Amino acid sequence: MNTITRILALLVLSAMSAAAFAAEPTKIGVVNVQRLMQDSPQAKSAQKVLEDEFSPIQRELVAMQNEFQAKQEKLQRDIDVMSADERRNAERDMQNDQRNFQRRQQEFAEDFEVRRNEMLGRMQQELLAEIQSFANKNGYDLVLGEGVLYINSSLDITVNILKGLEARYKAAE
């Protein structure tokens, strides 16, 4: 991360010194990428898609967990009146149920993560395209994202990028 910050600083200084020689001001903007990833309609739509896609599985997992707990409570209540074979079989069933639940939970987590990463990758490409488009249309020489320690709010172009993303989202609907 330190190397990236140094490179960005060198780019900024190079752009500023080149601008000084050209006697033309350098137009620099800063984008809060985190905010774009949270507030853009594309991000909200992606979140809704993930919820719609994975909420049935999540409900299934909750039902499995409740069923497992009910069986466990029943076993605790009835353990004193069970024969040794019944107890052993019931405990084996509980272990199998627990393994199945954990396996299903792990599959859910992996599937969710893969799908989330796919959507995140697409969204990042879309955000980058919008930022580049905005910068070209508005004559920016340099647009920074991460690694800025201070920025005058007049340089922050995040709101403008959000407007472009909203327009692109509405056009795609």
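Since the model is a prediction, treat every value here as computed from it, not as a measurement. Atoms considered below: every heavy atom in the structure, side chains included; atoms not considered: hydrogens, waters and symmetry mates.
The nearest pair of heavy atoms linking I28 to L155 is O-CD2, 3.2 Å.
Residues satisfying the side-chain contact (heavy atoms from CB on, under 4.5 Å) criterion with N136, sequence neighbours excluded, are absent altogether. Partners of K71 under the side-chain hydrogen bond (donor to acceptor under 3.5 Å, both in side chains) rule, at least two apart in sequence or in another chain, are D97. In this structure E86 satisfies the salt bridge (charged side-chain N to carboxylate O under 4.0 Å, His left out) test with no other residue, sequence neighbours excluded. Remark: N89 pairs with R92 by the side-chain hydrogen bond (donor to acceptor under 3.5 Å, both in side chains) rule, at least two apart or across chains. Applying the salt bridge (charged side-chain N to carboxylate O under 4.0 Å, His left out) criterion to D85, with sequence neighbours excluded, gives R88. Applying the salt bridge (charged side-chain N to carboxylate O under 4.0 Å, His left out) test to K74 and every residue at least two apart in sequence or in another chain returns D78. With sequence neighbours excluded, no residue forms a side-chain hydrogen bond (donor to acceptor under 3.5 Å, both in side chains) with N117. In terms of the salt bridge (charged side-chain N to carboxylate O under 4.0 Å, His left out) criterion, residue partners of E53 (sequence neighbours excluded) are, by chain and number, R115.
E113 has a carboxylate O that lies under 4.0 Å from a charged side-chain N of R116, or vice versa, which qualifies the two as a salt bridge.
Q132 CD to L127 CG: the interatomic distance, rounded to the nearest 0.5 Å, is 11.0 Å. Between E166 atom CD and K170 atom NZ the span is 6.0 Å, to the nearest 0.5 Å.
Taking hydrophobic clusters as Ile, Leu, Val, Met, Phe, Trp and Tyr residues chained together by side-chain heavy-atom distances below 4.5 Å, L36 shares a cluster with L120. Hydrophobic clustering (side-chain heavy atoms under 4.5 Å, transitive across Ile, Leu, Val, Met, Phe, Trp, Tyr) groups F134 together with V33.
Note on residues 67-126: pairs passing ring pair (Phe, Tyr, Trp, His ring centres under 6.0 Å), not counting sequence neighbours, are F54-F108, F54-F112. Within the structure, every pair that satisfies the salt bridge (charged side-chain N to carboxylate O under 4.0 Å, His left out) test and touches residues 25-43, not counting sequence neighbours, is listed here: R35-D39. Legend: salt bridge (charged side-chain N to carboxylate O under 4.0 Å, His left out) pairs involving residues 121-140, not counting sequence neighbours, sorted by first then second residue: E130-R168. Applying the ring pair (Phe, Tyr, Trp, His ring centres under 6.0 Å) test to pairs two or more places apart or on separate chains, none has a residue in residues 70-98.
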Open item on the list: R104 vs E107, test: salt bridge (Lys or Arg N to Asp or Glu O under 4.0 Å). Steps then yes/no.
Closed with: CA-CA 5 Å; R104 185 69 174 129; E107 288 171 359; 3.6 Å; yes

Open item on the list: Go through it in stages, so that I can follow the logic: the residues are V30 and I157, the test is side-chain contact (heavy atoms from CB on, under 4.5 Å), and I'd like the CA-CA distance, side-chain angles, deciding distance and then a yes or no.
Closed with: CA-CA 6 Å; V30 175; I157 59 174; over 6 Å; no

Open item on the list: Between Q69 and Q65, is the side-chain contact (heavy atoms from CB on, under 4.5 Å) condition met? List the steps.
Closed with: CA-CA 6 Å; Q69 286 176 343; Q65 186 175 21; 4.2 Å; yes

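Inter-residue side-chain proximity for L144 and V31 is flagged as unmet; no heavy-atom pair is nearer than 4.5 Å. Q124 has its side chain within reach of M37: a pair of non-hydrogen atoms, C-beta onward, lies under 4.5 Å apart. The shortest distance between side-chain heavy atoms of Y169 and S40 does not fall below 4.5 Å.
Side-chain contact annotation: Q106 with E110, donor-acceptor N/O pair under 3.5 Å present. For the residue pair E91/Q95, the side-chain donor-acceptor check at 3.5 Å is not satisfied.
Of the possible polar contacts, none joining the N138 side chain to the Y140 backbone as a donor-acceptor pair under 3.5 Å is found. Between the side chain of T158 and the main chain of N32, a donor-acceptor pair closer than 3.5 Å is present. Of the possible polar contacts, none joining the Q72 side chain to the M94 backbone as a donor-acceptor pair under 3.5 Å is found. For S133 (side chain) and A129 (main-chain N/O), no donor-acceptor pair under 3.5 Å exists by modelled atom type. A donor-acceptor pair is defined here as one N or O able to donate and one able to accept, closer than 3.5 Å; such a pair exists between the side chain of S55 and the backbone of E51.
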